[in-house]
Amino acid sequence: MPQIHPLLDADTIAARVREMGREISRDYAGEEVVLVIVLKGSFVFGADLARAIDLPVTIDFLGLRSYGDGTESSGVVEITTDLSKPVEGKHLIVIEDIVDTGLTMDYMFKNLRTRGPKSVKLASLLHKPARTKVPVKIDYLGFTIDDVFVVGYGLDYAQRYRNVPFLGILELPEEPA
Ligand code: IMP
């Protein structure tokens with residue numbers, strides 16, 4: 001069983017998510033917003049951030065797959081579940097767990113912009129700037145982290161550990177040379 005080394009505890013995450021909710025509520029005061037929660041990794045962050053936002057919101061889900069069962073991005077992004085409604089003329093806030101290479105969000109933004117929304121912004125819990133391949137503007141960022149593979153709080157390794165209530169670094173066995 002791989003070891004998980006704690007990186008961000010549940011209280012630290014909760015405090016930052018509440019702050020992000022306050023920032024969003026202030027920036028969009030008087031507006032209606034569609035929160036686009038990216039599945040699967042953002043289901044925990046999305047549920048917490050949505051409850052920290054004091055605005056009239058609707059919530060939709062977009063299932064994307066950019067990773068196989070390993071820790072490296074394939075660079076190929078596939079929509080596994082599409083939004084349930086058109087978003088033309090709406091303010092969208094995409095809620096993502098982590099921006100790693102940026103390939104997934106780059107694809108996602110290009111895709112969403114073709115649907116004629118009024119605006120699109122990004123709220124990401126985590127950012128790994130050391131691994132950037134495509135720069136992505138993160139409008140609301142939780143934490144910047146080093147080039148480590150993290151699990152918990154919705155994030156997985158091979159579909160596991162999403163239910164771990166904190167964020168931790170997964171120690172993977174060395175790959176054979
Ligand atoms: P990107 O396209 O390389 O930016 O990858 C974004 C997606 O890769 C995220 O939405 C996650 O699903 C996954 N990912 C990237 N880094 C990690 C990590 O450290 N732990 C778990 N999933 C990750």
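One-based numbering, in listed order, for ligands and for the atoms of each. Quick caveat: nothing in here was measured; it's all calculated off a predicted structure.
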Glu88 atom CD, neighbour heavy-atom count above 12 within 6.0 Å:
no

Kindly confirm or rule out an N or O of Gly102 lying under 3.5 angstrom from an N or O of ligand 1.
yes

Check whether any N or O atom of Leu155, backbone or side chain, sits under 3.5 Å from an N or O atom of ligand 1, and answer yes or no.
no

Which of the atoms of ligand 1 are close to [X], meaning less than 4.0 Å from one of its heavy atoms?
X	value
Asp97	9 (C), 10 (O), 11 (C), 12 (O)
Leu103	2 (O), 4 (O)
Thr101	1 (P), 2 (O), 3 (O), 4 (O)
Val148	19 (O)
Thr104	1 (P), 2 (O), 5 (O), 6 (C)
Glu96	10 (O)
Lys128	16 (N), 17 (C), 18 (C), 19 (O)

Approximate separation, where rounding is to 0.5 Å, of Leu167 CG and Asp9 CG:
10.0 Å

Separation between CG (Leu141) and NE2 (His127), nearest 0.5 Å, reads 7.5 Å

Quick one: do His91 and Ser119 satisfy side chain to side chain donor-acceptor pair (under 3.5 Å)? Show the steps, please.
CA-CA 5 Å; His91 288 298; Ser119 69; 2.6 Å; yes

Using 30° and 60° as the class limits, which term best fits the ring planes of Tyr157 and Phe149: parallel, tilted or perpendicular?
perpendicular

Evaluate the side chain to side chain contact (heavy atoms under 4.5 Å, CB included) criterion for residues Lys40 and Asp156: first the C-alpha distance (whole Å), next the side-chain angles of each, then the deciding distance (0.1 Å), finally the verdict.
CA-CA 9 Å; Lys40 298 178 188 170; Asp156 76 309; over 6 Å; no

Using a 4.0 Å heavy-atom threshold (strictly under), name the region of Lys133 that reaches ligand 1: side chain, backbone, both or neither.
neither

Mind checking whether Asp156 contacts ligand 1 via backbone (N, CA, C, O), side chain (CB onward), both or neither, at a 4.0 Å heavy-atom cut-off?
backbone

Salt-bridge test for Arg16 and Glu23: reply yes if a basic N is under 4.0 Å from a carboxylate O, no otherwise.
yes

Measure the distances from the heavy atoms of Val150 to every atom of ligand 1 and state whether one is below 4.0 angstrom.
yes

Do any pairs count as a salt bridge (charged side-chain N to carboxylate O under 4.0 Å, His left out) and have a residue in residues 112-122, sequence neighbours left out, and if so which ones?
Asp82-Arg115

